[in-house]
Amino acid sequence: MVKPEKETTIYQWSGKKILIVEDDLITYKLFTIVLRNTGVQIFHAETGQQAITYCREKQDFDLILMDIQLPVMDGYTATREIKTICPRVPVIAQTAYALESEEYKCRIAGCSEYLAKPFRKEDLFALLDKYLSAHT
Ligand code: MN
């Protein structure tokens with residue numbers, strides 16, 4: 001008997017734009033691989049300053065995935081600045097430090113959600129869908 005494939009939810013976010021702020025190129029690549037069949041349009045900033053510049057220039061991202069451990073300017077600072085430029089954009093913090101104090105600091109900085117690395121694909125998708133789904 002053939003074991004049926006585990007059914008996975010198909011996410012479709014065509015027309016949505018997300019900005020991934022991530023200095024680690026392998027992690028960034030991983031995000032693009034995980035998201036490649038979702039139709040979402042991905043932009044990449046390697047630094048907090050670059051993310052701020054993108055937000056000033058475009059201001060039309062549907063969501064920002066923010067690494068907290070960034071060189072020069074950390075993700076908290078970048079998020080606070082971005083929130084003054086486009087206050088409505090949801091920011092999901094992603095950090096390798098799974099501490100309660102870390103989550104608190106992310107929320108204080110203006111992040112809507114918190115994703116601990118390494119993350120599960122299902123958790124990432126559930127978080128993204130909360131903000132990118134056409135039904136919301
Ligand atoms: Mn990093």
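Keep in mind it's a predicted model, so treat the numbers as computed, not measured. Numbering of ligands and ligand atoms starts at 1, following listing order. Quick note: numbers below take in every heavy atom, side chains included, and nothing from hydrogens, waters or symmetry partners.
- Of all N/O/S atoms in D23, OD1 sits nearest the Mn ion (ligand 1).
- Side-chain atoms of L35 and Y11, non-hydrogen and from C-beta on, never get closer than 4.5 Å to each other.
- Rounding to the nearest 0.5 angstrom, the gap separating the CG atom in L30 from the NZ atom in K121 is 10.0 Å.
- Using modelled atom types and a 3.5 Å distance limit, the side chains of Q69 and T95 yield a donor-acceptor pair.
- Judged by distance alone, with hydrogens and angles left aside, the side-chain atoms of R107 form a donor-acceptor pair with the main-chain N or O of S112 at under 3.5 Å.
- The nearest N/O/S atom of D67 to the Mn ion (ligand 1) is OD2.
- Not a single N/O/S atom of T27, whether from backbone or side chain, sits less than 2.8 Å from the Mn ion (ligand 1).
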